[in-house]
Amino acid sequence: MKNGIMECSVCHSKLVSPSAKTISRAYDRHKSRISSKQRALNVFLVVGDCVLVGFQPILVYMSKVDGKFNFSPISVNFLTEITKVFFAIVMLLLQARHQKVGEKPLLSISTFVQAARNNVLLAVPALLYAINNYLKFIMQLYFNPATVKMLSNLKVLVIALLLKVIMKRRFSIIQWEALALLLIGISVNQLRSLPEGTTALGLPVTMGAYIYTLIFVTVPSLASVYNEYALKSQYDTSIYLQNLFLYGYGAIFNFLGILGTVVVKGPSSFDILQGHSKATMLLIANNAAQGILSSFFFKYADTILKKYSSTVATIFTGIASAVLFGHTLTMNFVIGISIVFISMHQFFSPLSKVKDEQNGVLELHDVHDKQRYLLISLLI
């Protein structure tokens, strides 16, 4: 640092101070110079995310028997984390074999220990994800797959607020209006009445559903923003090494949840394979692939793009659930989805770019915005 100016190791931008704001802005400048291969990777991530997120609630629905789960949801989450850990190890081995001469070895003890210290903050989003993955199953007891997907889109607004607070991101008025349109679209879809009955807690379904929805929206939003900050703050560390820590922490937290279940329900609940079927195996594979894609989004793209790409999966989920399970696509759903697409188009439009004042000079980050706008336009 010299005269209060610090150079970013990612894109060599001149930064005023080493804060969350400078990390965010330096990364945006880095993204404006991405190669065609990286842009292709972004397209692949968005398309893959749409497919995987769209199938996730459907697979959860298929895993239910008479409206209930014959397996422990925590066991699915634990097996998912183990699958992701195995994938991270395999990719680390492959990456180490293709290292160039002179590069710091990925598999050395010193590299592993240093990376573990630098990425210890990944334990926080790992814990939050463990809680969120359990909530995904709880939400399925109240809503059909399409409704669950629409409710999860509420995370976009919460994420935007957290990005503004934690990473000092700036959004234009047009972008805030786009987020407001998104909420309107979700609300239009939710004009239907909730199912009648009571929950296992003895609360009316409407009350229990609202409580779970609040937690379901807040916890993963905080996890996503914190995960993006943790991954990008250690940008030079291999993403597979970071994933190994993240998924390792997640496996530990879910295993602790299994032990807690054993204490409450008895030793018989320790059988993590009890009640599983082909549908749950597909669910585990889907969740693992979805988590792996998310880590690439958080490190090489951004959380807002990740959530908007997941929103595209809503229409796929709605149509698929209607075809497979006979759920009705109401006019509310069609209108709500239309408003959501308008929101996406408006948010990523070049007209919504934000002016950023840095070192007394106004800089327009329109290149990054145009790239994301074109990407969303292709999908729409």
Side-chain angles (χ1 to χ4, degrees), residues 9-11 27 30-31 33-53 55-56 76-123 125-126 129-130 133 223-224 227-255 281-303 305-306 309 375:
S9 61
V10 175
C11 60
Y27 179 74
H30 169 73
K31 285 292 291 179
R33 297 191 294 273
I34 62 176
S35 65
S36 58
K37 290 184 179 181
Q38 289 172 312
R39 284 194 293 270
L41 174 62
N42 287 347
V43 174
F44 171 77
L45 290 176
V46 171
V47 174
D49 187 63
C50 291
V51 175
L52 294 174
V53 173
F55 270 117
Q56 198 271 340
V76 171
N77 298 332
F78 175 73
L79 293 174
T80 299
E81 296 301 323
I82 292 297
T83 302
K84 292 191 289 186
V85 167
F86 179 76
F87 175 83
I89 292 175
V90 172
M91 294 306 298
L92 264 178
L93 294 175
L94 293 176
Q95 189 178 26
R97 291 183 59 182
H98 292 85
Q99 276 190 292
K100 298 179 180 179
V101 178
E103 290 183 344
K104 190 175 182 180
L106 283 172
L107 303 181
S108 67
I109 297 179
S110 59
T111 300
F112 185 86
V113 172
Q114 182 180 0
R117 291 176 178 175
N118 294 338
N119 291 274
V120 67
L121 293 179
L122 289 172
Y129 281 134
N133 290 335
S224 297
N227 195 13
E228 179 181 347
Y229 180 82
L231 290 173
K232 287 178 178 173
S233 64
Q234 299 296 323
Y235 197 88
D236 293 333
T237 304
S238 168
I239 187 173
Y240 302 116
L241 191 56
Q242 288 179 308
N243 283 345
L244 179 61
F245 299 133
L246 177 64
Y247 305 148
Y249 289 132
I252 292 174
F253 290 133
N254 282 285
F255 184 73
M281 293 297 105
L282 290 174
L283 177 63
I284 290 171
N286 180 277
N287 287 348
Q290 190 179 150
I292 293 168
L293 278 181
S294 296
S295 66
F296 280 86
F297 263 106
F298 296 142
K299 184 159 185 172
Y300 299 116
D302 58 74
T303 310
L305 180 60
K306 167 65 175 68
S309 72
L375 183 60

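This one's a predicted model, so the numbers in the text were calculated from it and none came from an experiment. Values below: every heavy atom of this structure, side chains too, minus hydrogens, waters and symmetry copies. In this chain, numbering begins with 1 at the start of the sequence shown.
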Check your understanding: Is any side-chain heavy atom of Y129 less than 4.5 Å from a side-chain heavy atom of N227?
Key -> yes

Study note, to complete from the structure: Between N286 and Q56, the two heavy atoms sitting closest are OD1-CB, 3.6 Å

Exercise for review: Return the minimal non-hydrogen interatomic distance between Y240 and Q95, and the atom names on each side.
Suggested key: CD1-OE1, 3.4 Å

Practice item. Could you tell me the separation between the CG atom of L121 and the CG atom of L246, rounded to the nearest 0.5 Å? Key: 12.0 Å

**Study point:** Distance-minimising heavy-atom pair for A115 and T237
**Key:** CB-CG2, 4.2 Å

Exercise for review: Report, as yes or no, whether the 6.0 Å neighbourhood of atom CZ on F55 holds more than 12 heavy atoms from other residues, nucleotides or ligands.
Suggested key: no

Practice item. Report yes or no: is the cationic atom of K232 (NZ for Lys, CZ for Arg) closer than 6.0 Å to the six-membered ring centre of F298, at no more than 45° off its axis? Key: no

Check your understanding: Of all heavy-atom pairs between A230 and Q242, which one has the smallest distance, and what is that distance?
Key -> O-NE2, 4.0 Å

Review point. If you round to the nearest 0.5 Å, how far is NZ of K299 from OG of S294?
Key: 15.0 Å

**Study point:** CG on N287 to CG on L282, rounded to 0.5 Å
**Key:** 11.0 Å

Study note, to complete from the structure: dist L94:CG -> L106:CG (nearest 0.5 Å) comes out at 11.5 Å

Check your understanding: More than 12 non-hydrogen atoms from neighbouring residues, nucleotides or ligands closer than 6.0 Å to CD1 on I109, yes or no?
Key -> no

Study note, to complete from the structure: Closest non-hydrogen atoms of T80 and A288, given as atom of the first, atom of the second and distance, are CG2-N, 3.5 Å

Review point. So how far is it from N118 CG to D236 CG, rounded to the nearest 0.5 Å?
Key: 10.5 Å

Exercise for review: Kindly indicate whether the side chain of K84, heavy atoms from C-beta on, has any atom under 4.5 Å from the side chain of N243.
Suggested key: no

**Study point:** CE on M91 to CZ on F86, rounded to 0.5 Å
**Key:** 12.0 Å

Practice item. Can you see which heavy atom on I292 is nearest to which on S295, and at what distance? Key: O-OG, 2.6 Å

Practice item. Check the pair T83 / F87 against side-chain contact (heavy atoms from CB on, under 4.5 Å), numbers first and verdict last. Key: CA-CA 6 Å; T83 302; F87 175 83; 5.8 Å; no

**Study point:** Whether E228 side chain and T303 backbone form a donor-acceptor pair below 3.5 Å
**Key:** yes

**Study point:** Residue pair V120 / Y249, side-chain heavy-atom distance below 4.5 Å
**Key:** yes

Point to revise | Close side-chain approach of N254 and L79, heavy atoms under 4.5 Å | key: no

Review point. For the rings on F245 and F112, is their centre-to-centre separation under 6.0 Å?
Key: yes

**Study point:** Residue pair L231, L122: steps toward the side-chain contact (heavy atoms from CB on, under 4.5 Å) verdict
**Key:** CA-CA 8 Å; L231 290 173; L122 289 172; 4.2 Å; yes

